[in-house]
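Letters A, B, ... mirror the listed sequences (proteins, then strands); counts begin at 1.
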There are 2 protein chains.
Amino acid sequence: MPTDQLSRTFAALADPTRRDLVARLTIGDATVGDLAAPYAMSLQAVSKHLGVLEKAGLVTRRKQAQRRPVHLEAEVLAPVTEWLETYRRRAEERYQRLDAVLAELSDTQAGSDTPATGGTR
Amino acid sequence: MPTDQLSRTFAALADPTRRDLVARLTIGDATVGDLAAPYAMSLQAVSKHLGVLEKAGLVTRRKQAQRRPVHLEAEVLAPVTEWLETYRRRAEERYQRLDAVLAELSDTQAGSDTPATGGTR
DNA sequence: TCCGTCCTCAACTAAGTGGTTGAGTAAGAC
DNA sequence: GTCTTACTCAACCACTTAGTTGAGGACGGA
C-alpha cells in the first residue's frame with residue numbers, strides 16, 4: 001500500500017467489513033468486542049481491521065480499564081469527498097463543453113447542406 | 001480484493017498513479033502510450049493500472065487502429081461520494097445531538113443550583 | 001511484403017493483505 | 001493472591017498486487 005494519506009484512506013474503505021465498522025461507529029463509540037460480535041471472523045481479525053482504520057486516521061482507540069472503546073474521526077472523510085468532487089466536476093464541465101461544441105456543429109449542419117468541413121472522428 | 005462494486009472503486013482509487021490517471025483523463029481521452037509517458041514505469045504496468053480502473057468501471061477503452069484511447073466514466077464516482085456523504089453526515093448529526101446534550105447540561109448547572117425542573121430551551 | 005508502432009498477454013518476483021491460532025498483558029472481580 | 005475479561009502481539013498461511021521482462025498480435029505506411 002502506498003504511504004500517502006489519501007491512498008491509505010481509500011484503501012481502508014476498500015473493504016466491506018471496514019466500511020461496515022465505520023457505518024456502525026456513526027451510531028456511537030463501541031468496544032472491540034462489541035464491534036466484532038456480528039462478524040463470522042475472529043476478534044483478532046476485527047482488531048486488525050481497526051488497526052487499518054486507525055492508521056488511516058479514521059478511528060482512534062481510548063483506554064478504559066481493559067476496554068478499548070473505538071471512536072470514529074469522521075473529519076478525515078472530507079479530503080476524500082473533496083478529491084472525488086473535484087474530478088467528478090471537472091469531468092462534467094468537460095462534457096458540457098463537448099455538448100456545446102456538438103450543438104454548434106449540428107446547428108452548422110442544419111444551416112447548410114455542405115458536409116462538415118472539420119470532420120473529426 | 002472483495003468483489004463488490006464499491007470496494008472495487010475504492011480499491012482502484014487507493015493508488016496515486018491510478019488517481020493521477022483519472023485526474024488526467026478529466027482533461028480528455030488519451031492513448032495508453034500518452035498516459036504512460038510521464039511515469040517512471042513500463043507501459044505494461046500502466047496498462048495494468050488501466051485494467052484495474054476498467055474493472056472498476058471507471059474507464060473504458062475503444063479500439064482505433066493500433067491505438068486504444070481511454071475514456072473516463074466519471075458517473076461511477078457518484079456512489080462513492082454518496083457513501084462518504086451519508087456517513088459523514090450521520091456522524092455529524094450525532095455530534096450535534098451530543099453537543100445539545102452537553103449544552104443543556106451546562107445550562108442546568110449555570111442556571112441554578114437546584115437540579116433541572118424540566119427541559120429548558 | 002516487410003517494418004515500425006501501439007498495445008496486450010503470460011510468466012515471474014517481491015511485498016502486502018486478510019485471515020487463522022496461540023501466547024501474553026492489563027485490569028477489575030472474587 | 002487467583003480468575004476472568006478484553007484485548008494485543010507474533011507467527012504463519014493462502015492469495016493478491018504492483019511491478020518487471022519477453023513474446024506476440026493487429027494495424028497503417030513504405
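- Not counting sequence neighbours, the partners of B/R88 by the salt bridge (charged side-chain N to carboxylate O under 4.0 Å, His left out) test are B/E85, B/E92.
- A/L43 has its CG atom 19 Å from the P atom of D/dT4, to the nearest Å.
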Under 4.0 Å protein heavy-atom contact, by nucleotide of nucleotides 21-30 of chain C - B base, S sugar-phosphate only:
BB----BS--
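- Using a 4.0 Å cut-off between charged nitrogen and carboxylate oxygen, A/R68 and A/D29 do not count as a salt-bridge pair.
- Partners of B/R18 according to the side chain to side chain donor-acceptor pair (under 3.5 Å) rule, which considers only residues two or more places apart in sequence or in another chain, are B/H49.
- Between A/R67 and the phosphate of D/dA6, there is a side-chain N or O to OP1/OP2 separation shorter than 4.0 Å.
- Per the geometry, CZ belonging to B/R62 stands 15 Å off P belonging to D/dC27, to the nearest Å.
- For B/D15 and C/dG16, the CG to P distance is 14 Å, given to the nearest whole Å.
- A/R90 is linked by a salt bridge (charged side-chain N to carboxylate O under 4.0 Å, His left out) to nothing, counting only residues two or more places apart in sequence or in another chain.
- The side chain of B/S47 places no N or O atom within less than 4.0 Å of a non-bridging phosphate oxygen (OP1 or OP2) of C/dC7.
- B/E54 meets the side chain to side chain donor-acceptor pair (under 3.5 Å) test with B/R61; sequence neighbours excluded.
- Listed by chain and number, the residues in a side chain to side chain donor-acceptor pair (under 3.5 Å) with B/Q64 are B/R62 (sequence neighbours excluded).
- Taking the side chain to side chain donor-acceptor pair (under 3.5 Å) definition, one finds that B/R24 meets it with B/Y39, sequence neighbours left out.
- Rounded to an integer number of Å, the gap from CZ of A/R8 to P of C/dG16 is 14 Å.
- For DNA chain D, the neighbouring residues in residues 21-32 of chain A, judged by any heavy atom under 4.0 Å, are A/T31, A/V32.
- Screening residues 69-82 of chain A for salt bridge (charged side-chain N to carboxylate O under 4.0 Å, His left out), with sequence neighbours left out, gives no hits.
- The side chain of B/R18 contributes an N or O atom lying less than 4.0 Å from OP1 or OP2 of D/dA18.
- In this structure, A/M41 places its CE atom 10 Å from P of C/dG18, rounding to the nearest Å.
- At distances below 3.5 Å, at least one donor-acceptor pair connects side-chain atoms of B/T9 with backbone N or O atoms of B/Q5.
- Protein atom CG of A/L50 is 12 Å distant from nucleotide atom P of D/dC9, rounded to whole Å.
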